[in-house]
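For reference, the structure is listed below as structure tokens.
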Amino acid sequence: MFKRAAAALAAGAMAVVLSACSGGGAANDGAAGGGSDKITIGFSQVGAESGWRTANTKSVQDAAKKAGVTLKFSDAQQKQENQIKAIRSFIQQKVDIIAFSPVVESGWDTVLKEAKAAKIPVILTDRAVDSQDESLYVSFLGSDFVEEGKRAADWLVKEYQGKSDPVNIVQLEGTTGSAPANDRKSGFADVIKGDPKFKVLASQTGDFTRAKGKEVMQAFLKSQPKIDVLYAHNDDMALGAIQAIEEAGKQPGKDIKIISIDGVKDAFTAMSQGKINVVVECNPLLGDQLMELAKKVKKGESVERRIKTEEGVFTQDQAAAALPSRQY
């Protein structure tokens, strides 16, 4: 069964280093190619909820133009019903390939069966779906979110190694039901569960947005008398939380240590200022690899079922040096 990114057994089979990672009606956003390589891709994006997502969209659009691919793009505005409508529109338009980053994990079998019946291959990008039918998509290109959660917790365990006092943690979760929210939470929990000093006092969704991250953090600060660590499932929520922490008269990165995931420029700036302690990278720049993968699928070539991205972990002492080279 191939249910999630973390469940894939073929994760390491791809030897190349990938630069990847986290509505309205479809619009033609690319340029038509020529010759036998001409291909049309219908791409449904989650939305524009974060800096990471904006960079991801730009990467796909730019890569399509560079590759001579016609891209029909649709923004789901973080609503599954919009994404399902977009996929059905792509089916009606008889695109060559459908690619999408699922808003949530479940509830896709019906529309994906419609794509299969129309003989249109589907590629999952960034996020997986929870389906028992592996035939509904040809490949999943994206990060291992469980591993990202584990890396975040590994830093925490090392940071408090040799200390016995309780470590009070609050968690800003991503969009409820989404693969990164589910997996980053479970990966983190798996690592810290063996040490009773780590206590998650509160955990609530911040919808991957800066505004919601600030709002929920404000509530945490009011309800929890002592918070030692904030674990945010993405940088935008962490950056919103920093505003709430500072407005409460506390120092982010010192009074409350902050762990985040993504690696956008604003987060690296905050790290260089000592406001975020560590960022686990989730690279959104998967456009070129998606175009290459789509062309192989169109030609009927064999492709890996699971293509996992390679990413790093960055701490404060690395932030200033890495900041100038960040592309998003």
Side-chain angles (χ1 to χ4, degrees), residues 22 145-174 180-210 212-264 266-282 312-319:
S22 192
F145 300 130
V146 172
E147 181 62 26
E148 290 171 353
K150 288 181 176 180
R151 288 179 177 179
D154 285 342
W155 179 88
L156 181 67
V157 170
K158 185 177 179 180
E159 181 72 8
Y160 286 92
Q161 189 172 10
K163 300 178 181 178
S164 58
D165 290 342
V167 180
N168 296 323
I169 305 164
V170 293
Q171 181 172 215
L172 282 170
E173 299 178 31
N182 292 340
D183 293 350
R184 288 170 182 169
K185 182 178 181 178
S186 66
F188 187 83
D190 284 347
V191 172
I192 67 170
K193 67 182 180 182
D195 192 332
K197 72 170 173 277
F198 295 114
K199 303 179 184 301
V200 178
L201 303 180
S203 185
Q204 187 174 327
T205 180
D207 285 335
F208 285 128
T209 69
R210 198 170 300 199
K212 190 70 173 179
K214 179 180 180 180
E215 177 187 326
V216 176
M217 191 66 201
Q218 287 173 328
F220 285 162
L221 289 164
K222 291 177 181 178
S223 63
Q224 304 298 331
K226 187 177 187 302
I227 299 172
D228 300 305
V229 175
L230 164 66
Y231 169 42
H233 288 187
N234 83 333
D235 291 337
D236 278 75
M237 291 189 296
L239 292 164
I242 285 171
Q243 296 175 26
I245 292 168
E246 290 178 330
E247 288 173 8
K250 296 179 181 292
Q251 286 186 283
K254 292 184 179 179
D255 296 329
I256 299 176
K257 293 182 180 180
I258 298 178
I259 304 168
S260 185
I261 297 177
D262 270 358
V264 301
D266 284 353
F268 272 73
T269 298
M271 267 202 298
S272 69
Q273 297 168 344
K275 296 180 180 182
I276 293 178
N277 301 82
V278 64
V279 169
V280 177
E281 185 178 36
C282 181
V313 178
F314 295 85
T315 53
Q316 287 179 345
D317 58 343
Q318 301 168 306

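This structure is a prediction, so every number in the text was calculated from the model and none was measured. Each residue takes its place number in the sequence, starting with 1.
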Would you say the side chain of [Y] lies within less than 4.5 Å of the side chain of [X], judging by non-hydrogen atoms?
X    : Y    : value
V229 : E159 : no
E246 : P252 : yes
I245 : D255 : no
F220 : L201 : no
Y160 : D195 : no
Y231 : V200 : no
Q224 : N168 : no
K257 : L156 : no

Do any N or O atoms from the side chain of [X] and from the backbone of [Y] form a donor-acceptor pair under 3.5 angstrom?
X    : Y    : value
K197 : K163 : yes
Q318 : T315 : yes
N277 : I259 : no

Out of curiosity, [X] [atom1] to [Y] [atom2], how far, rounded to the nearest 0.5 Å?
X    : Y    : atom1 : atom2 : result
Q204 : M237 : CD    : CE    : 11.0 Å
I256 : I227 : CD1   : CD1   : 5.0 Å
E148 : F145 : CD    : CZ    : 6.0 Å
I242 : M217 : CD1   : CE    : 10.0 Å
S260 : F268 : OG    : CZ    : 10.5 Å
E147 : C282 : CD    : SG    : 12.5 Å

- Does the side chain of Q171 pick up a donor-acceptor pair with the side chain of H233 at under 3.5 Å?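 A donor-acceptor contact under 3.5 Å links the two side chains.
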- Message: Please tell me whether D207 and T209 have a donor and an acceptor in their side chains that are separated by less than 3.5 angstrom.
- Response: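 D207 vs T209: no donor-acceptor pair found between side chains.
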- Item | Candidate list D235, N234, T269, test side chain to side chain contact (heavy atoms under 4.5 Å, CB included), partner V264, passing option |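 The residue from D235, N234, T269 that satisfies side chain to side chain contact (heavy atoms under 4.5 Å, CB included) with V264 turns out to be D235.
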Specify the closest pair of heavy atoms between [X] and [Y], including all atoms of both residues, with the distance to one decimal.
X    : Y    : result
I261 : G149 : CD1-N, 4.4 Å
T205 : G174 : OG1-O, 2.9 Å
W155 : V278 : CD2-CG1, 3.5 Å
A241 : L230 : CB-CD2, 3.4 Å
F208 : P180 : CZ-CG, 3.8 Å
K199 : P166 : CE-CB, 4.1 Å

- Task: Dump the intermediate steps for side-chain contact (heavy atoms from CB on, under 4.5 Å) on E281 and R151, then the final yes or no.
- Result: CA-CA 10 Å; E281 185 178 36; R151 288 179 177 179; over 6 Å; no
- Excluding sequence neighbours, so at least two apart, what forms side-chain contact (heavy atoms from CB on, under 4.5 Å) with Q218?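 K214, A244, E247.
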